[in-house]
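A short worksheet on the structure shown next.
Sequential numbering from 1 along the given sequence is applied to the chain's residues. Being a predicted model, the structure only gives us computed values, none of them experimental. Computed over heavy atoms, backbone and side chain alike; hydrogens, waters and symmetry mates excluded.
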Amino acid sequence: MNAKAVEFDPFSRDFFDDPYDTYADLRDRAPCFYSERYDFYALSRFDDVVAAHRDVNTFTSTHGQTYEDLSTGQPIETRSIISMDPPEHTRYRKLVSRSFTPRSIDDYEALVRDIISGYLDPLMGRRQFDILEEFAAPFPVEIISTILGVPAEDRQQIRHWTNALLHREEGSATGGQAAADAGMAQGLYLFDLAQKKRAEPDDDMLTALIEAEVEAADGSTTRLDDAEIAGFGTLLAAAGSETVTKLVGNAVVLFHRNPDQWAKVLADPAAIPNAVEEVLRFWAPSQYQGRYSMADSTWHGVTIPKHKPVLLITGAANRDPRRYDDSDRFDITREPGLAVSLGHGLHVCLGAALARLESRVAIEEIARRWPAFEVDEQGLRRVQMSNVAGYSSVPITVS
């Protein structure tokens, strides 16, 4: 098979369900892939993905992260840090990074464990339940929404809006009206909440963002307006819920299929942090990050012209045998190295440490309650989302 025969469609059943054979073809035969159907380029080898992440002059984030945004050829209008490049990105990242320092994350552990236990304890005594729908889906958004300052009665609505915003029908490059409506509703809700926090400050992250000052390019200082606060809140709420939901669901399925690895977790809970890294590597929750080319660049004899969407395929990079020995084997004792599953370079996920904390505690608490479980393989269901991969249903039976 020559390179022209390789096909990659990020809106296909293959992508939603199991794209790893396709990724192998991309890495071996079309490491710089061009899609005639969608007019995008894609990089799939680990070293190439890392290099592109680091080259912000050639590959800008200002045009969005998903193909739907990139395909317009226009910069994103919303004021979100994920769609900024330096120097603006540098100034704005300082506003939120202080809330995600290692010390801050350590302070969240009691909250994280309390919320996780609050969802797992009611499942005790039942032999069968859906650990995705009843646990992994609701608890992460509960945590990040609590930190942000979203009222308790509205926290799960954030998850439902995010799911609708990211959902894609097979063969469709856009989310349609339902996605647009969900994005609008979530943005308006957080805009209204920002106004309320400005009028009545509280001890939460939205209030901290309102009160923070950002340094402008000329050295003067300014504060975020309510639209910018809503943009930050939307990003943090979405990223802070979807990643962990998919990671925990993926972990349960992977441990079911690899009982020898689960035995290592049960024998030594200290192995769990490394297990989280291996789950992230093996089945990355975010399968690609989008960029927009600002200058011509050549990769493996193929030139990516300027003004084209480019997908950096994390899911493929993580299984690159040029980087990882026995790359298709799930091994929680694998020596961790440079990680790209939660972004890399300037746009490494702000909440990466929080996501790792939540995932570690979730696996700890599952192992403590149910050391023996079986996944109903026939009942597994996957999401269909723009660049997020994982399960929507993971039914299990516990002993």
Side-chain angles (χ1 to χ4, degrees), residues 16-18 108-144 146 155-156 159-160 163 240-285 329-334 354-383 388-399:
F16 294 141
D17 287 351
D18 188 4
Y108 291 141
E109 180 157 355
L111 169 69
V112 167
R113 198 172 295 275
D114 184 61
I115 290 176
I116 284 175
S117 296
Y119 278 96
L120 288 179
D121 287 346
L123 300 177
M124 298 291 288
R126 291 172 55 184
R127 289 200 66 244
Q128 295 180 321
F129 50 88
D130 192 318
I131 200 165
L132 195 295
E133 290 184 356
E134 299 180 70
F135 171 59
F139 92 76
V141 74
E142 195 77 21
I143 291 170
I144 190 62
T146 300
R155 291 169 190 162
Q156 292 304 310
R159 171 168 65 95
H160 298 312
N163 287 342
S241 57
E242 281 302 314
T243 298
V244 178
T245 291
K246 303 307 180 283
L247 195 161
V248 173
N250 289 347
V252 171
V253 177
L254 284 170
F255 284 128
H256 163 73
R257 293 179 182 177
N258 299 272
D260 60 321
Q261 302 300 304
W262 183 238
K264 294 176 183 178
V265 167
L266 297 178
D268 182 13
I272 294 176
N274 210 64
V276 169
E277 298 307 310
E278 181 66 351
V279 173
L280 281 167
R281 183 196 72 85
F282 199 83
W283 279 346
R329 179 168 60 89
F330 179 66
D331 178 8
I332 69 167
T333 66
R334 187 185 298 277
L354 179 60
R356 289 181 166 98
L357 168 64
E358 292 180 37
S359 302
R360 170 178 63 80
V361 173
I363 295 172
E364 286 175 1
E365 295 296 332
I366 291 170
R368 185 168 67 83
R369 289 169 173 80
W370 303 292
F373 67 88
E374 293 286 332
V375 171
D376 174 11
E377 293 274 357
Q378 298 303 311
L380 290 173
R381 299 290 182 271
R382 290 184 179 272
V383 298
V388 175
Y391 291 95
S392 60
S393 182
V394 181
I396 68 171
T397 301
V398 300
S399 300

Are any side-chain N or O atoms of [X] and backbone N or O atoms of [Y], one a donor and one an acceptor, separated by less than 3.5 Å?
{"X": "Asn250", "Y": "Lys246", "value": "yes"}
{"X": "Asp376", "Y": "Ile396", "value": "no"}
{"X": "Asn258", "Y": "Gln261", "value": "no"}
{"X": "Trp370", "Y": "Glu365", "value": "no"}
{"X": "Glu374", "Y": "Thr397", "value": "no"}
{"X": "Ser359", "Y": "Val248", "value": "no"}

Hey, does [Y] have a side-chain heavy atom less than 4.5 Å from the side chain of [X]?
{"X": "Gln128", "Y": "Pro395", "value": "no"}
{"X": "Arg281", "Y": "Asp331", "value": "no"}
{"X": "Asn163", "Y": "Val383", "value": "no"}
{"X": "Phe129", "Y": "Val398", "value": "yes"}
{"X": "Glu109", "Y": "Arg360", "value": "yes"}
{"X": "Thr333", "Y": "Glu278", "value": "no"}
{"X": "Arg369", "Y": "Leu123", "value": "no"}
{"X": "Leu132", "Y": "Ser393", "value": "no"}

Working to the nearest 0.5 Å, report the span between [atom1] of [X] and [atom2] of [Y].
{"X": "Thr243", "Y": "Glu358", "atom1": "OG1", "atom2": "CD", "result": "9.5 Å"}
{"X": "Ile366", "Y": "Trp262", "atom1": "CD1", "atom2": "CH2", "result": "6.5 Å"}
{"X": "Arg155", "Y": "Ile143", "atom1": "CZ", "atom2": "CD1", "result": "11.0 Å"}
{"X": "Ile115", "Y": "Thr146", "atom1": "CD1", "atom2": "OG1", "result": "4.0 Å"}
{"X": "Glu142", "Y": "Ile116", "atom1": "CD", "atom2": "CD1", "result": "11.5 Å"}
{"X": "Arg127", "Y": "Ser399", "atom1": "CZ", "atom2": "OG", "result": "6.5 Å"}

Quick check: closest heavy atoms across [X] and [Y], and the distance to 0.1 Å?
{"X": "Thr245", "Y": "Pro140", "result": "OG1-CG, 3.5 Å"}
{"X": "Pro269", "Y": "Leu266", "result": "CD-O, 4.5 Å"}
{"X": "Leu280", "Y": "Leu247", "result": "CD2-CD1, 3.3 Å"}
{"X": "Ser117", "Y": "Pro122", "result": "O-CD, 4.2 Å"}

Quiz item: Could you go step by step and tell me if Ile144 and Leu354 meet the side-chain contact (heavy atoms from CB on, under 4.5 Å) rule?
Solution: CA-CA 9 Å; Ile144 190 62; Leu354 179 60; 4.1 Å; yes

Exercise. Specify whether His256 and Phe373 have parallel, tilted or perpendicular ring planes, treating 30° as the upper limit for parallel and 60° as the lower limit for perpendicular.
Key: tilted

Quiz item: Between Tyr119 and Phe139, is the gap from one ring center to the other below 6.0 Å?
Solution: no

Quiz prompt | Contacts of type side-chain contact (heavy atoms from CB on, under 4.5 Å), residue Ala251, not counting sequence neighbours | solution = Phe255, Val279, Ile363

Practice problem: May I have the step-by-step check of salt bridge (Lys or Arg N to Asp or Glu O under 4.0 Å) for Arg257 and Glu377, ending in yes or no? | Solution: CA-CA 10 Å; Arg257 293 179 182 177; Glu377 293 274 357; 2.9 Å; yes

Exercise. Could you walk me through whether Glu277 and Arg334 pass the salt bridge (Lys or Arg N to Asp or Glu O under 4.0 Å) test, one step at a time?
Key: CA-CA 9 Å; Glu277 298 307 310; Arg334 187 185 298 277; over 6 Å; no

Exercise. Check whether NZ of the Lys or CZ of the Arg Arg382 lies under 6.0 Å from the centre of the six-membered ring of Tyr391 and within 45 degrees of that ring's axis.
Key: yes

Exercise. List for me each residue that meets salt bridge (Lys or Arg N to Asp or Glu O under 4.0 Å) alongside Glu134, sequence neighbours excluded, and say none if there are none.
Key: Arg126

